[in-house]
S.K.: 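Sending over a structure as C-alpha cells; questions will come in a sec.
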Protein chains: 2
Amino acid sequence: MTAYGSPVTASPTGAEKPRRRPYAARVPADVRREQLMDAALTIIVRDGYAAVSVDAIAKEAGVTRPVVYGVFEGGLRDLLGTLLDRQQERALTQLSEALPPEPDLSDPDRLVAETARKMIETVRSNPMVWQPILLAPVGMPAEARSRIDGDRENFVVQLTGLLELGLALRGGPVLDAEVAAHAILAILEHFGRLLLTEPDRFETDRLVSTITGLLGSLK
Amino acid sequence: MTAYGSPVTASPTGAEKPRRRPYAARVPADVRREQLMDAALTIIVRDGYAAVSVDAIAKEAGVTRPVVYGVFEGGLRDLLGTLLDRQQERALTQLSEALPPEPDLSDPDRLVAETARKMIETVRSNPMVWQPILLAPVGMPAEARSRIDGDRENFVVQLTGLLELGLALRGGPVLDAEVAAHAILAILEHFGRLLLTEPDRFETDRLVSTITGLLGSLK
DNA sequence: CACAAATGCTACACCTGTGTAGTAATTACT
DNA sequence: AGTAATTACTACACAGGTGTAGCATTTGTG
C-alpha cells in the first residue's frame, strides 16, 4: 500500500495522501504520567477548570487521546485525582516549610509576622501550585473541592487551637476562637488571591505590615 | 412485529403511536422569560454553574429548547446575561437596604454591629440570591465573574473611604486602608459562605459578637 | 540485522448539547 | 363557532467530547 518510490511527504504538494501524524517522542509510562499531569495543570492555570478534558490534555501534551487512556486507566477522573494528590502534597509541604520548626514563644507578634512573610513569599513564587487552590474553589470536580475543603477545615482546627493558646498567652481579647480562626483564614486566602492576581500592587511588605499593624493594635 | 392483542404498553390504549408530548401551559413571552431565568437560577443553586445548559433549563421549566430560543434570541448567553442583570440588581438593592439611611456617627462601633447584623440576616434569608454570588466565584461564564468582580472592587473602594474616615474619627490604628478594606471584605464574604453552608452552626449572634469583640479590642 | 515489546496513531460508534426549519396545538378575537 | 395570531413541539444536521479496537511505528536486545 505504500507508494513505491513515492516522493512522499515533502510538502509542496501533490499527494493528497492522508499522511500520518508524526509520532510523538516515545516515553516510558511513568514519565508520560507526569507530563500529562503537567499539561492538565497548565490548562487549569491558563484556561480554568472548565477547559480541562482528555482531549485538551492530550493536545497540550502533543499526543493523542488513547495515550492518556493507556496511562490513566480511569480516564479524566483518574488523571485529575492523581494530579490532585500530587498538588495537595506539594502545597502542604510548602506550607509546613513556612512554619517555624521551633517557635520562639517569647515574641508572638514577631513570630506571626515572620510566618506570614514566609507564607506570602511561598505563594508568590509558586503560582502553579497555589492558583488552582486559591482561585478556583468551585467549578472543579466535586472531589477536588471536597479535598481542599478538608484541608481547609483541618487548618482551621489547628489555627483554632493556636489561637486559644495564643490569646491566653499573649493576652488578647476574649473571642470565639473558631470564628476568629475562620476570619483569619479568610484574610489569608484573600491575600493569597491578591498576590496571584495583582502581584505588583500588593507587595509583600504591604501585606505584612498590615498584619503587624493589626496585631499591634489588638489589646 | 407487535403482538396482536399484546398486553404491553400498560396504559389502556395499546397504540404504539409516538404520542405527542402534552403541551406546556401557554404563557406570554415576558412571563416565560422570568420562568426560564428562575429555572436557570434553580439549577445554578442546586447543581452548580457547570450544569447549566439550554437543554437543562428547558427541562427544568417543563418546555422544549425551541421555547428558550424563541424568547432569548441569543440563546444561553443572552439568558444568563439577563439573569445576571436581574440578580445583580436584587443583590445591590438588598445590600443598600442593609445600610443605615442616616448613620449615627456618635457611636461607630454600634453602627458597625447593627449594619453587620442586617447584612447577615439578609444573606441568611435570601440564599437564592447570595449563593451564586458567594459560593461560585469561578466556574461561571467569564462575564458573570467579571461583573461580580466589578461590584466587589466598587465595594472595596467605598469601604476604603469609610475606613479612612472611620479610623480618623474613631481613633483606630494607623493602617493601609485599602489593604484593610480587602481584609474586611474577605471576612464578610467568608462569613457569608459559612452562613450558606452551615447556617445552624454559625448563628447570627455568634458572628456579630465576634465582630464587636474585635472592634472593641482595636485601639 | 532481525524481532519482540512497548508505545503511539487511526478510525469508529456513541453520547450530549446546539441551533433551526417546519408543523401542530392553543388561544383570543370577531 | 370560525379564524388568525401566538405559542409550543418534532425532527434534523451539526459540533465536540468519550472510550475502545486494531493497526503502525519505534526501540531495545540478541
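Just so it is clear, the structure is predicted and the values come from calculations on it, not from any experiment. In the text below, chain A, chain B and the rest are named by the order of the sequence lines, each starting its count at 1.
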S.K.: When you get a sec, tell me which of D/dT10, C/dT7, C/dG17 is the closest nucleotide to the side chain of B/Arg21?
M.R.: D/dT10
S.K.: May I ask you to decide whether B/Lys118 forms a salt bridge with B/Glu97, counting only side-chain N to carboxylate O separations under 4.0 Å?
M.R.: no
S.K.: Kindly indicate, with the supporting measurements, whether the criterion side chain to side chain contact (heavy atoms under 4.5 Å, CB included) is fulfilled by B/Leu188 and B/Phe155.
M.R.: CA-CA 12 Å; B/Leu188 288 179; B/Phe155 190 88; 4.3 Å; yes
S.K.: Starting at atom CZ of B/Phe72, determine the distance to atom P of D/dA8, rounded to an integer number of angstrom.
M.R.: 13 Å
S.K.: Of the nucleotides D/dG17, D/dA11, D/dT25, which has the atom closest to the A/Arg20 side chain?
M.R.: D/dT25
S.K.: Of the candidate nucleotides D/dT18, D/dC9, C/dT18, which contains the atom at the shortest distance from the side chain of A/Asp55?
M.R.: D/dT18
S.K.: Regarding B/Ala25, tell me which of base, sugar-phosphate or nothing describes its non-hydrogen contacts under 4.0 Å with the strands shown.
M.R.: sugar-phosphate
S.K.: Would one find a side-chain N or O of A/Arg65 under 4.0 angstrom from OP1 or OP2 of C/dC9?
M.R.: no
S.K.: Looking at D/dC9, I'd like to know if its phosphate oxygens (OP1 or OP2) sit under 4.0 Å from a side-chain N or O belonging to B/Tyr23.
M.R.: no
S.K.: Rounded to whole Å, please give me the gap between CZ in A/Arg77 and P in D/dG17.
M.R.: 20 Å
S.K.: Any donor-acceptor pair under 3.5 Å linking the side-chain atoms of A/Thr204 with those of A/Arg124?
M.R.: yes
S.K.: Nearest whole Å is fine: how far is D/dA13 P from B/Tyr69 OH?
M.R.: 18 Å
S.K.: What is the distance, rounded to the nearest whole Å, between atom CG of B/Leu76 and atom P of C/dT18?
M.R.: 7 Å
S.K.: Considering only side-chain heavy atoms of B/Arg26, which listed nucleotide, C/dC9, D/dT6, D/dG17, is closest?
M.R.: D/dT6
S.K.: Would a distance-only check, ignoring hydrogens and angles, find a side-chain to backbone donor-acceptor pair under 3.5 Å from B/Asn126 to B/Thr122?
M.R.: yes
S.K.: Find which nucleotide of DNA chain C each of A/Pro28 and B/Glu73 is nearest to by heavy atoms, and output the residue with the more 5' nucleotide.
M.R.: A/Pro28
S.K.: Quick check against the 3.5 Å criterion: does B/Tyr49 have a side-chain atom that pairs as donor or acceptor with the backbone of B/Pro132?
M.R.: yes
S.K.: Rounded to whole angstroms, how far apart are CD1 on B/Ile43 and C1' on C/dG17?
M.R.: 13 Å
S.K.: Measure CG/A/Leu80 against P/D/dT18 and give the value in whole Å, please.
M.R.: 11 Å
S.K.: Contact class for A/Ala29 (heavy atom, under 4.0 Å): base, sugar-phosphate, or nothing?
M.R.: sugar-phosphate
S.K.: What is the distance from CG of B/Asp78 to C1' of C/dT18, rounded to the nearest Å?
M.R.: 15 Å
